[in-house]
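Remarks on the structure that follows.
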Amino acid sequence: ALLYSELLLNNYPDLWEGYYHSAQDYTALKRFSEAQTKILEGLKKFPNQKKLISIAGDIQNRYRESCQYATKSLLKKKHFAQAQARIKEGLEKIPNDLDLLQTAQDVFCASGEYETSLRYSKLLIIQHPNKWQGYYRAAQDLLALKRLPEAIRKIEAGLQEAPGQFDLITIAHDAENESGNYQKALEYAELLITHQPVNWKGYVRAAKDLVALDRLPEAQAAIQQGLRKMPTQEGLIRVANQVFRASGNYAKALEYAELLITHRPGDWNGYYLAAQDKMVLKDFNGAAQILEKGIGIVKDTTDQKFLLKILAWTKSAHNSHDKYKVLFESWRDSKANMALTHQYTALKSRQCRSMPKPIQYWSQNEIPADVLDVTEAWNQVLTDCGAERIRIWNKSEAQKWIASNTPEFEMAFQSAPHFAAESDVFRLAYTKIEECIYLDSDLYPKKLSAQILALALDAESSTFFC
(Lines give C-alpha, C1' and ligand atoms only; values in the text may rest on other atoms or scores of the structure.)
Protein backbone atom coordinates (compact mmCIF):
# COMPACT_ATOMS: atom_id res chain seq x y z
CA ALA A 1 0.00 0.00 0.00
CA LEU A 2 2.85 2.38 0.83
CA LEU A 3 4.45 1.74 -2.57
CA TYR A 4 1.24 2.77 -4.32
CA SER A 5 0.85 5.79 -2.02
CA GLU A 6 4.37 6.95 -2.88
CA LEU A 7 3.68 6.33 -6.57
CA LEU A 8 0.53 8.46 -6.31
CA LEU A 9 2.53 11.21 -4.59
CA ASN A 10 5.34 11.17 -7.13
CA ASN A 11 3.07 11.22 -10.16
CA TYR A 12 0.46 13.64 -8.80
CA PRO A 13 2.31 15.99 -6.40
CA ASP A 14 -0.50 18.57 -6.65
CA LEU A 15 -3.03 16.19 -5.09
CA TRP A 16 -3.37 15.97 -1.28
CA GLU A 17 -4.36 12.28 -1.40
CA GLY A 18 -0.74 11.11 -1.84
CA TYR A 19 0.35 12.74 1.42
CA TYR A 20 -2.75 11.48 3.22
CA HIS A 21 -2.37 7.81 2.20
CA SER A 22 1.43 7.63 2.62
CA ALA A 23 1.13 9.15 6.14
CA GLN A 24 -1.49 6.54 7.04
CA ASP A 25 0.63 3.70 5.64
CA TYR A 26 3.76 4.84 7.50
CA THR A 27 1.66 5.00 10.69
CA ALA A 28 0.38 1.45 10.14
CA LEU A 29 4.01 0.32 9.72
CA LYS A 30 4.89 2.13 13.00
CA ARG A 31 7.31 4.38 11.10
CA PHE A 32 6.02 7.42 12.92
CA SER A 33 8.89 9.75 12.07
CA GLU A 34 8.27 9.32 8.36
CA ALA A 35 4.50 9.61 8.89
CA GLN A 36 5.03 12.91 10.70
CA THR A 37 7.27 14.17 7.89
CA LYS A 38 4.65 13.34 5.26
CA ILE A 39 1.77 14.95 7.10
CA LEU A 40 3.81 18.11 7.69
CA GLU A 41 4.74 18.26 4.00
CA GLY A 42 1.08 17.80 3.08
CA LEU A 43 -0.18 20.48 5.47
CA LYS A 44 2.46 22.91 4.24
CA LYS A 45 1.10 22.48 0.72
CA PHE A 46 -2.59 22.11 1.63
CA PRO A 47 -3.01 23.91 5.01
CA ASN A 48 -6.82 23.83 4.99
CA GLN A 49 -7.35 20.27 3.77
CA LYS A 50 -9.77 18.73 6.29
CA LYS A 51 -8.72 15.09 5.91
CA LEU A 52 -5.04 15.95 6.40
CA ILE A 53 -5.95 17.97 9.49
CA SER A 54 -8.11 15.12 10.81
CA ILE A 55 -5.21 12.62 10.97
CA ALA A 56 -2.45 15.12 11.82
CA GLY A 57 -3.22 15.15 15.55
CA ASP A 58 -3.18 11.36 15.90
CA ILE A 59 0.07 11.03 13.90
CA GLN A 60 1.71 13.75 15.97
CA ASN A 61 0.73 12.01 19.22
CA ARG A 62 2.07 8.69 17.98
CA TYR A 63 5.29 10.31 16.80
CA ARG A 64 5.73 12.10 20.12
CA GLU A 65 5.30 8.83 22.03
CA SER A 66 7.74 6.95 19.79
CA CYS A 67 10.30 9.76 20.04
CA GLN A 68 10.05 9.84 23.83
CA TYR A 69 10.28 6.05 24.09
CA ALA A 70 13.34 5.87 21.81
CA THR A 71 15.06 8.75 23.61
CA LYS A 72 14.44 7.31 27.07
CA SER A 73 15.65 3.87 25.96
CA LEU A 74 18.91 5.41 24.75
CA LEU A 75 19.19 7.40 27.96
CA LYS A 76 18.71 4.27 30.06
CA LYS A 77 21.63 2.68 28.20
CA LYS A 78 23.66 5.88 28.79
CA HIS A 79 23.97 6.50 25.03
CA PHE A 80 23.87 10.23 25.64
CA ALA A 81 24.93 11.50 22.20
CA GLN A 82 22.34 9.35 20.43
CA ALA A 83 19.63 10.36 22.88
CA GLN A 84 20.46 14.03 22.29
CA ALA A 85 20.28 13.59 18.52
CA ARG A 86 16.96 11.74 18.76
CA ILE A 87 15.22 14.37 20.89
CA LYS A 88 16.57 17.21 18.75
CA GLU A 89 15.04 15.51 15.70
CA GLY A 90 11.74 15.27 17.57
CA LEU A 91 11.72 18.96 18.42
CA GLU A 92 12.42 19.85 14.78
CA LYS A 93 9.21 18.05 13.83
CA ILE A 94 7.11 19.19 16.81
CA PRO A 95 8.73 22.48 17.91
CA ASN A 96 8.18 23.69 21.48
CA ASP A 97 6.16 20.61 22.46
CA LEU A 98 5.72 20.44 26.25
CA ASP A 99 6.52 16.73 26.59
CA LEU A 100 9.47 16.76 24.20
CA LEU A 101 11.00 19.84 25.82
CA GLN A 102 10.83 18.08 29.18
CA THR A 103 12.45 14.99 27.69
CA ALA A 104 15.20 17.17 26.18
CA GLN A 105 15.89 18.68 29.60
CA ASP A 106 16.05 15.15 31.07
CA VAL A 107 18.58 14.08 28.43
CA PHE A 108 20.98 17.00 28.83
CA CYS A 109 20.65 17.02 32.60
CA ALA A 110 21.53 13.30 32.74
CA SER A 111 24.46 14.01 30.39
CA GLY A 112 25.81 16.58 32.87
CA GLU A 113 25.32 19.39 30.33
CA TYR A 114 23.44 21.67 32.70
CA GLU A 115 23.78 24.87 30.64
CA THR A 116 22.11 23.22 27.65
CA SER A 117 19.56 21.62 29.95
CA LEU A 118 18.82 25.07 31.36
CA ARG A 119 18.20 26.45 27.86
CA TYR A 120 15.46 23.86 27.34
CA SER A 121 13.99 24.65 30.77
CA LYS A 122 13.85 28.35 29.90
CA LEU A 123 12.24 27.49 26.57
CA LEU A 124 9.61 25.54 28.51
CA ILE A 125 8.85 28.68 30.55
CA ILE A 126 8.69 30.90 27.46
CA GLN A 127 6.44 28.55 25.47
CA HIS A 128 4.34 27.28 28.40
CA PRO A 129 4.40 30.07 31.02
CA ASN A 130 1.34 28.75 32.86
CA LYS A 131 2.86 25.28 33.38
CA TRP A 132 4.90 24.68 36.55
CA GLN A 133 7.27 22.16 34.93
CA GLY A 134 9.52 24.79 33.30
CA TYR A 135 10.12 26.64 36.56
CA TYR A 136 10.82 23.40 38.40
CA ARG A 137 13.28 22.16 35.81
CA ALA A 138 15.05 25.52 35.52
CA ALA A 139 15.51 25.47 39.30
CA GLN A 140 16.96 21.95 39.05
CA ASP A 141 19.51 23.09 36.49
CA LEU A 142 20.42 26.24 38.39
CA LEU A 143 20.94 24.25 41.60
CA ALA A 144 23.23 21.87 39.71
CA LEU A 145 25.15 24.92 38.43
CA LYS A 146 25.40 26.27 42.02
CA ARG A 147 23.46 29.42 41.03
CA LEU A 148 21.29 29.45 44.14
CA PRO A 149 19.84 32.99 44.00
CA GLU A 150 18.64 32.45 40.41
CA ALA A 151 17.17 29.07 41.35
CA ILE A 152 15.21 30.64 44.21
CA ARG A 153 13.87 33.40 41.92
CA LYS A 154 12.69 30.81 39.36
CA ILE A 155 10.94 28.82 42.07
CA GLU A 156 9.20 31.92 43.43
CA ALA A 157 8.00 32.77 39.90
CA GLY A 158 6.69 29.22 39.50
CA LEU A 159 4.87 29.32 42.83
CA GLN A 160 3.05 32.43 41.66
CA GLU A 161 1.69 30.37 38.76
CA ALA A 162 1.02 27.23 40.84
CA PRO A 163 0.94 28.18 44.56
CA GLY A 164 0.33 24.71 46.03
CA GLN A 165 2.33 22.63 43.57
CA PHE A 166 4.06 19.91 45.64
CA ASP A 167 7.18 19.48 43.45
CA LEU A 168 7.80 23.23 43.34
CA ILE A 169 7.48 23.54 47.11
CA THR A 170 9.81 20.55 47.51
CA ILE A 171 12.54 22.04 45.34
CA ALA A 172 12.03 25.42 47.06
CA HIS A 173 12.82 23.62 50.32
CA ASP A 174 15.89 22.02 48.72
CA ALA A 175 17.16 25.40 47.49
CA GLU A 176 16.75 27.15 50.85
CA ASN A 177 18.33 24.20 52.61
CA GLU A 178 21.27 24.33 50.21
CA SER A 179 21.70 28.04 50.90
CA GLY A 180 21.74 27.39 54.66
CA ASN A 181 18.51 29.32 55.26
CA TYR A 182 16.92 26.66 57.46
CA GLN A 183 14.20 28.98 58.76
CA LYS A 184 12.94 29.64 55.22
CA ALA A 185 13.34 25.94 54.39
CA LEU A 186 11.19 25.13 57.43
CA GLU A 187 8.44 27.43 56.12
CA TYR A 188 8.37 25.43 52.87
CA ALA A 189 8.36 22.13 54.79
CA GLU A 190 5.35 23.34 56.78
CA LEU A 191 3.70 24.35 53.49
CA LEU A 192 4.22 20.77 52.24
CA ILE A 193 2.42 19.49 55.35
CA THR A 194 -0.43 22.00 54.85
CA HIS A 195 -1.03 21.01 51.23
CA GLN A 196 -0.48 17.27 51.65
CA PRO A 197 -0.97 16.32 55.32
CA VAL A 198 -0.84 12.58 54.58
CA ASN A 199 2.45 12.76 52.67
CA TRP A 200 5.29 11.80 55.01
CA LYS A 201 7.95 13.89 53.25
CA GLY A 202 6.79 17.21 54.71
CA TYR A 203 7.16 15.95 58.28
CA VAL A 204 10.63 14.52 57.59
CA ARG A 205 11.84 17.76 56.05
CA ALA A 206 10.38 19.88 58.86
CA ALA A 207 12.03 17.69 61.51
CA LYS A 208 15.43 17.91 59.82
CA ASP A 209 15.16 21.70 59.52
CA LEU A 210 14.27 21.99 63.20
CA VAL A 211 17.31 19.87 64.12
CA ALA A 212 19.49 22.19 62.00
CA LEU A 213 17.95 25.15 63.87
CA ASP A 214 18.70 23.41 67.20
CA ARG A 215 14.97 23.33 68.03
CA LEU A 216 15.07 19.69 69.06
CA PRO A 217 11.80 19.40 71.05
CA GLU A 218 9.92 20.85 68.04
CA ALA A 219 11.72 18.39 65.74
CA GLN A 220 10.52 15.52 67.96
CA ALA A 221 6.97 16.90 67.89
CA ALA A 222 7.01 17.27 64.07
CA ILE A 223 8.17 13.71 63.42
CA GLN A 224 5.76 12.26 65.98
CA GLN A 225 2.90 14.22 64.37
CA GLY A 226 3.72 12.48 61.10
CA LEU A 227 3.93 9.07 62.80
CA ARG A 228 0.48 9.53 64.34
CA LYS A 229 -0.90 9.82 60.79
CA MET A 230 1.39 7.16 59.24
CA PRO A 231 2.66 4.92 62.07
CA THR A 232 4.36 2.34 59.85
CA GLN A 233 6.01 4.70 57.35
CA GLU A 234 9.66 3.66 57.02
CA GLY A 235 11.06 7.13 56.21
CA LEU A 236 9.36 8.68 59.23
CA ILE A 237 10.63 5.95 61.57
CA ARG A 238 14.21 6.36 60.32
CA VAL A 239 14.18 10.12 60.80
CA ALA A 240 12.59 9.70 64.24
CA ASN A 241 15.63 7.62 65.14
CA GLN A 242 17.94 10.39 63.85
CA VAL A 243 16.03 13.16 65.66
CA PHE A 244 16.26 11.46 69.04
CA ARG A 245 19.94 10.70 68.44
CA ALA A 246 20.51 14.39 67.77
CA SER A 247 18.71 15.09 71.05
CA GLY A 248 21.06 12.70 72.87
CA ASN A 249 18.14 10.39 73.75
CA TYR A 250 19.59 7.12 72.47
CA ALA A 251 17.14 4.98 74.45
CA LYS A 252 14.23 6.57 72.55
CA ALA A 253 16.20 6.38 69.27
CA LEU A 254 16.62 2.65 69.91
CA GLU A 255 12.83 2.25 70.23
CA TYR A 256 12.41 3.61 66.70
CA ALA A 257 15.21 1.41 65.34
CA GLU A 258 13.45 -1.63 66.85
CA LEU A 259 10.14 -0.39 65.38
CA LEU A 260 11.82 -0.33 61.97
CA ILE A 261 12.84 -3.97 62.48
CA THR A 262 9.24 -4.84 63.42
CA HIS A 263 7.77 -3.29 60.26
CA ARG A 264 10.65 -4.17 57.91
CA PRO A 265 12.28 -7.34 59.28
CA GLY A 266 13.98 -8.15 55.98
CA ASP A 267 15.72 -4.74 55.76
CA TRP A 268 19.26 -4.47 57.17
CA ASN A 269 18.87 -0.80 58.18
CA GLY A 270 16.87 -1.47 61.33
CA TYR A 271 19.44 -3.91 62.71
CA TYR A 272 22.30 -1.55 61.86
CA LEU A 273 20.65 1.45 63.55
CA ALA A 274 19.64 -0.56 66.61
CA ALA A 275 23.19 -1.91 66.98
CA GLN A 276 24.61 1.62 66.80
CA ASP A 277 22.23 2.85 69.49
CA LYS A 278 22.99 -0.12 71.75
CA MET A 279 26.73 0.52 71.41
CA VAL A 280 26.31 4.16 72.41
CA LEU A 281 24.33 2.90 75.42
CA LYS A 282 27.32 0.59 76.19
CA ASP A 283 25.24 -2.53 75.50
CA PHE A 284 27.78 -4.22 73.24
CA ASN A 285 26.39 -7.71 73.83
CA GLY A 286 22.93 -6.48 72.89
CA ALA A 287 24.35 -4.85 69.75
CA ALA A 288 26.03 -8.12 68.76
CA GLN A 289 22.79 -10.06 69.35
CA ILE A 290 20.69 -7.72 67.21
CA LEU A 291 23.24 -7.95 64.39
CA GLU A 292 23.30 -11.75 64.60
CA LYS A 293 19.51 -11.75 64.43
CA GLY A 294 19.62 -9.55 61.32
CA ILE A 295 22.22 -11.77 59.64
CA GLY A 296 19.87 -14.73 60.11
CA ILE A 297 16.83 -12.91 58.68
CA VAL A 298 18.14 -10.65 55.90
CA LYS A 299 18.11 -12.49 52.57
CA ASP A 300 20.40 -10.36 50.43
CA THR A 301 23.97 -11.72 50.66
CA THR A 302 25.54 -8.26 50.24
CA ASP A 303 23.50 -6.96 53.18
CA GLN A 304 24.45 -10.03 55.23
CA LYS A 305 28.14 -9.40 54.56
CA PHE A 306 27.74 -5.77 55.61
CA LEU A 307 26.10 -6.77 58.90
CA LEU A 308 28.85 -9.35 59.45
CA LYS A 309 31.46 -6.59 59.09
CA ILE A 310 29.58 -4.40 61.58
CA LEU A 311 29.36 -7.37 63.94
CA ALA A 312 33.14 -7.88 63.80
CA TRP A 313 33.67 -4.15 64.34
CA THR A 314 31.24 -4.19 67.29
CA LYS A 315 33.15 -6.95 69.01
CA SER A 316 36.48 -5.19 68.44
CA ALA A 317 35.03 -1.93 69.80
CA HIS A 318 33.98 -3.50 73.11
CA ASN A 319 37.10 -2.35 74.95
CA SER A 320 37.09 1.18 73.51
CA HIS A 321 33.41 2.15 73.71
CA ASP A 322 34.00 5.69 74.96
CA LYS A 323 35.87 6.69 71.81
CA TYR A 324 33.13 5.26 69.56
CA LYS A 325 30.37 6.83 71.62
CA VAL A 326 31.93 10.25 71.00
CA LEU A 327 32.24 9.46 67.28
CA PHE A 328 28.58 8.45 67.01
CA GLU A 329 27.43 11.55 68.84
CA SER A 330 29.51 13.79 66.59
CA TRP A 331 27.78 12.39 63.52
CA ARG A 332 24.39 13.37 64.85
CA ASP A 333 24.91 16.54 66.87
CA SER A 334 24.76 19.96 65.24
CA LYS A 335 26.78 21.65 67.99
CA ALA A 336 30.24 21.01 69.47
CA ASN A 337 30.54 19.34 72.85
CA MET A 338 33.37 19.63 75.35
CA ALA A 339 34.33 15.97 75.30
CA LEU A 340 34.71 15.96 71.51
CA THR A 341 36.74 19.18 71.48
CA HIS A 342 39.02 17.89 74.25
CA GLN A 343 39.65 14.60 72.43
CA TYR A 344 40.20 16.37 69.09
CA THR A 345 42.84 18.67 70.64
CA ALA A 346 44.72 15.65 71.90
CA LEU A 347 44.42 13.80 68.59
CA LYS A 348 45.49 16.56 66.16
CA SER A 349 48.99 16.73 67.64
CA ARG A 350 49.91 13.24 66.43
CA GLN A 351 49.69 11.52 63.09
CA CYS A 352 47.77 8.37 62.28
CA ARG A 353 50.01 5.33 61.78
CA SER A 354 48.83 4.91 58.17
CA MET A 355 47.72 8.30 56.88
CA PRO A 356 45.51 8.14 53.73
CA LYS A 357 46.32 10.49 50.85
CA PRO A 358 43.70 13.20 50.17
CA ILE A 359 42.73 13.42 46.48
CA GLN A 360 40.31 15.24 44.20
CA TYR A 361 39.58 14.85 40.49
CA TRP A 362 39.00 17.67 38.00
CA SER A 363 38.61 16.63 34.39
CA GLN A 364 39.44 20.00 32.80
CA ASN A 365 42.90 21.57 33.16
CA GLU A 366 41.72 24.96 34.47
CA ILE A 367 40.05 24.84 37.89
CA PRO A 368 37.53 27.62 38.72
CA ALA A 369 38.35 29.95 41.60
CA ASP A 370 35.32 28.89 43.67
CA VAL A 371 36.38 25.23 43.46
CA LEU A 372 39.92 26.14 44.54
CA ASP A 373 38.43 28.02 47.52
CA VAL A 374 36.67 24.83 48.64
CA THR A 375 39.87 22.82 48.19
CA GLU A 376 41.85 25.31 50.25
CA ALA A 377 39.26 25.14 53.05
CA TRP A 378 39.70 21.36 53.14
CA ASN A 379 43.49 21.70 53.09
CA GLN A 380 43.26 23.66 56.34
CA VAL A 381 41.13 20.90 57.89
CA LEU A 382 43.42 18.14 56.65
CA THR A 383 46.68 19.73 57.76
CA ASP A 384 45.14 20.37 61.20
CA CYS A 385 44.55 16.61 61.39
CA GLY A 386 48.13 15.84 60.40
CA ALA A 387 47.24 14.80 56.83
CA GLU A 388 48.78 15.98 53.57
CA ARG A 389 47.29 18.70 51.37
CA ILE A 390 44.93 17.55 48.61
CA ARG A 391 46.45 16.26 45.38
CA ILE A 392 44.22 17.35 42.48
CA TRP A 393 44.33 14.97 39.48
CA ASN A 394 43.33 16.08 35.99
CA LYS A 395 42.19 13.73 33.21
CA SER A 396 45.61 13.28 31.62
CA GLU A 397 47.34 12.55 34.94
CA ALA A 398 44.63 10.13 36.01
CA GLN A 399 44.76 8.32 32.67
CA LYS A 400 48.53 7.83 32.97
CA TRP A 401 48.25 6.63 36.58
CA ILE A 402 45.56 4.09 35.66
CA ALA A 403 47.64 2.83 32.71
CA SER A 404 50.64 2.27 34.99
CA ASN A 405 48.92 0.93 38.11
CA THR A 406 45.45 -0.46 37.33
CA PRO A 407 45.22 -1.08 33.56
CA GLU A 408 42.05 -3.14 34.05
CA PHE A 409 40.26 0.20 34.61
CA GLU A 410 41.53 1.82 31.36
CA MET A 411 38.55 0.91 29.19
CA ALA A 412 36.02 2.07 31.80
CA PHE A 413 37.86 5.38 32.22
CA GLN A 414 38.25 6.06 28.49
CA SER A 415 34.59 5.23 27.76
CA ALA A 416 33.19 7.25 30.68
CA PRO A 417 30.34 9.41 29.23
CA HIS A 418 31.14 12.55 31.26
CA PHE A 419 33.48 13.91 33.90
CA ALA A 420 31.45 12.66 36.89
CA ALA A 421 31.78 9.09 35.62
CA GLU A 422 35.51 9.62 35.01
CA SER A 423 35.83 10.68 38.64
CA ASP A 424 34.01 7.54 39.82
CA VAL A 425 36.26 5.23 37.79
CA PHE A 426 39.47 6.98 38.88
CA ARG A 427 38.44 6.86 42.53
CA LEU A 428 37.81 3.11 42.33
CA ALA A 429 41.09 2.52 40.50
CA TYR A 430 43.08 4.62 42.96
CA THR A 431 41.60 3.04 46.08
CA LYS A 432 42.45 -0.40 44.79
CA ILE A 433 46.14 0.49 45.29
CA GLU A 434 46.27 3.40 47.73
CA GLU A 435 44.45 4.37 50.91
CA CYS A 436 42.90 7.77 50.32
CA ILE A 437 40.51 10.46 51.47
CA TYR A 438 38.36 11.44 48.49
CA LEU A 439 36.48 14.74 48.49
CA ASP A 440 34.03 16.03 45.87
CA SER A 441 35.06 19.41 44.48
CA ASP A 442 31.85 21.13 45.65
CA LEU A 443 31.72 19.64 49.16
CA TYR A 444 32.50 22.40 51.65
CA PRO A 445 33.70 21.45 55.17
CA LYS A 446 31.13 21.77 57.95
CA LYS A 447 31.48 23.01 61.51
CA LEU A 448 32.62 19.69 62.98
CA SER A 449 34.42 18.27 59.93
CA ALA A 450 37.91 18.60 61.44
CA GLN A 451 36.95 17.00 64.73
CA ILE A 452 35.08 14.11 63.13
CA LEU A 453 37.85 13.48 60.59
CA ALA A 454 40.47 13.41 63.38
CA LEU A 455 38.41 10.85 65.28
CA ALA A 456 37.93 8.69 62.18
CA LEU A 457 41.66 8.76 61.45
CA ASP A 458 42.45 7.86 65.03
CA ALA A 459 40.01 4.94 64.82
CA GLU A 460 41.73 3.91 61.54
CA SER A 461 38.33 3.60 59.88
CA SER A 462 38.57 1.73 56.61
CA THR A 463 35.44 3.44 55.25
CA PHE A 464 34.11 6.72 56.59
CA PHE A 465 31.07 8.68 55.42
CA CYS A 466 30.71 12.32 56.47
Side-chain angles (χ1 to χ4, degrees), residues 98 102 105-106 109 121 124-125 128-247 252-253 256 259-260 263-264 269 273 332 334 446:
L98 176 67
Q102 289 184 84
Q105 191 267 349
D106 287 337
C109 189
S121 297
L124 266 170
I125 295 171
H128 307 277
N130 298 323
K131 299 287 186 180
W132 64 270
Q133 289 91 337
Y135 303 97
Y136 174 81
R137 289 169 178 272
Q140 272 188 322
D141 297 326
L142 289 162
L143 285 174
L145 292 164
K146 306 296 179 189
R147 289 155 60 178
L148 278 170
E150 291 176 75
I152 290 168
R153 287 197 295 273
K154 286 292 180 195
I155 294 163
E156 288 170 349
L159 285 169
Q160 288 179 355
E161 296 292 336
Q165 212 291 318
F166 190 83
D167 293 312
L168 274 178
I169 300 170
T170 301
I171 201 167
H173 178 271
D174 291 339
E176 296 295 353
N177 211 291
E178 182 78 14
S179 70
N181 189 346
Y182 298 115
Q183 182 57 49
K184 187 67 177 176
L186 176 61
E187 291 174 19
Y188 282 118
E190 290 169 342
L191 200 56
L192 287 173
I193 295 170
T194 300
H195 285 289
Q196 293 200 18
V198 291
N199 189 316
W200 61 275
K201 293 179 181 177
Y203 301 97
V204 162
R205 286 168 179 262
K208 289 183 176 180
D209 294 332
L210 288 161
V211 168
L213 291 165
D214 204 18
R215 291 157 59 180
L216 298 174
E218 293 172 80
Q220 294 171 16
I223 205 70
Q224 287 173 327
Q225 181 189 356
L227 281 166
R228 282 194 292 273
K229 293 179 182 292
M230 296 156 278
T232 63
Q233 212 294 316
E234 180 187 352
L236 284 170
I237 297 170
R238 284 196 201 194
V239 174
N241 172 270
Q242 294 171 14
V243 167
F244 280 95
R245 284 185 178 193
S247 307
K252 190 68 177 176
Y256 286 108
L259 189 62
L260 190 59
H263 292 302
R264 295 289 301 274
N269 281 282
L273 294 173
R332 305 302 172 189
S334 61
K446 303 292 184 183

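- No side-chain heavy atom of Arg205 sits less than 4.5 Å from a side-chain heavy atom of Leu186.
- Annotation for His263 and Pro231: closest pair NE2-O, 4.1 Å, computed over non-hydrogen atoms.
- Between Gly235 and Trp200, the shortest heavy-atom contact is CA-CZ3, 3.8 Å.
- Note that the CD atom of Glu218 and the CD1 atom of Ile223 stand 14.0 Å from one another [nearest 0.5 Å].
- Looking at residues two or more places apart in sequence or on another chain, you find no salt bridge (charged side-chain N to carboxylate O under 4.0 Å, His left out) involving Glu156.
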Apply side-chain contact (heavy atoms from CB on, under 4.5 Å) to residues Thr170 and Lys201 and explain how you reach the verdict.
CA-CA 9 Å; Thr170 301; Lys201 293 179 181 177; over 6 Å; no
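- The shortest non-hydrogen separation linking Leu168 to Trp132 is CD1-CB, 3.7 Å.
- With sequence neighbours excluded, the residues forming a side chain to side chain contact (heavy atoms under 4.5 Å, CB included) with Glu234 are Arg238, Leu260, Arg264, Asp267, listed by chain and number.
- The CG atom of Leu216 sits 4.0 Å away from atom OG of Ser247, with the distance rounded to the nearest 0.5 Å.
- The heavy-atom pair separating Val239 from Ala207 by the smallest distance is CG1-CB, 4.3 Å.
- Checked by atom type and distance alone, the side chain of Gln196 never pairs as donor or acceptor with a backbone atom of Val198 at under 3.5 Å.
- Here salt bridge (charged side-chain N to carboxylate O under 4.0 Å, His left out) pairs that include residues 186-197, with residues two or more places apart or in two chains, are Lys184-Glu187.
- Taking the side chain as every heavy atom from C-beta outward, Glu161 and Tyr135 approach each other to under 4.5 Å.
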Let's go through Gln242 and Leu273 carefully: what are the C-alpha distance in whole Å and the side-chain angles of both, what is the deciding distance for side-chain contact (heavy atoms from CB on, under 4.5 Å) to 0.1 Å, and is it a yes or a no?
CA-CA 9 Å; Gln242 294 171 14; Leu273 294 173; over 6 Å; no
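- Checked options Val243, Asp209, Asn199, Leu236; the residue passing with Val204 is Leu236 (criterion: side chain to side chain contact (heavy atoms under 4.5 Å, CB included)).
- Annotation: salt bridge (charged side-chain N to carboxylate O under 4.0 Å, His left out) contacts of Lys131 (sequence neighbours excluded): none.
- In this structure, CG on Asn181 lies 11.0 Å from CG on Leu148, to the nearest 0.5 angstrom.
- In this structure, a donor-acceptor pair under 3.5 Å is absent between the side chains of Gln220 and Arg215.
- Between Ala139 and Ile155, the shortest heavy-atom distance links the atoms CB-CG1, 3.5 Å.
- The two residues Ala172 and Leu159 make their nearest non-hydrogen contact at CB-CD1, 4.5 Å.
- Judged as a ring-ring contact (aromatic ring centres under 6.0 Å, His included), the pairs with a partner in residues 215-246 (not counting sequence neighbours) are, in order, Phe244-Tyr256.
- Under the side-chain hydrogen bond (donor to acceptor under 3.5 Å, both in side chains) criterion, the residue pairs touching residues 136-149 are Gln102-Arg137, Gln105-Arg137, Gln105-Asp141, Asp106-Arg137, Glu115-Arg147, Ser117-Asp141, Ser121-Asp141, Lys146-Asp442, Arg147-Glu150, with sequence neighbours excluded.
- Of the residues Asp214, Leu213, Leu210, the one that meets the side chain to side chain contact (heavy atoms under 4.5 Å, CB included) test with Tyr182 is Leu213.
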Give the C-alpha distance, both sets of side-chain angles, the deciding distance and a yes or no for side-chain contact (heavy atoms from CB on, under 4.5 Å) between Ile171 and Leu143.
CA-CA 9 Å; Ile171 201 167; Leu143 285 174; 3.9 Å; yes
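- Although no hydrogens or angles enter the test, the distance criterion places no donor-acceptor pair under 3.5 Å between the side chain of Asn177 and the main chain of Ala185.
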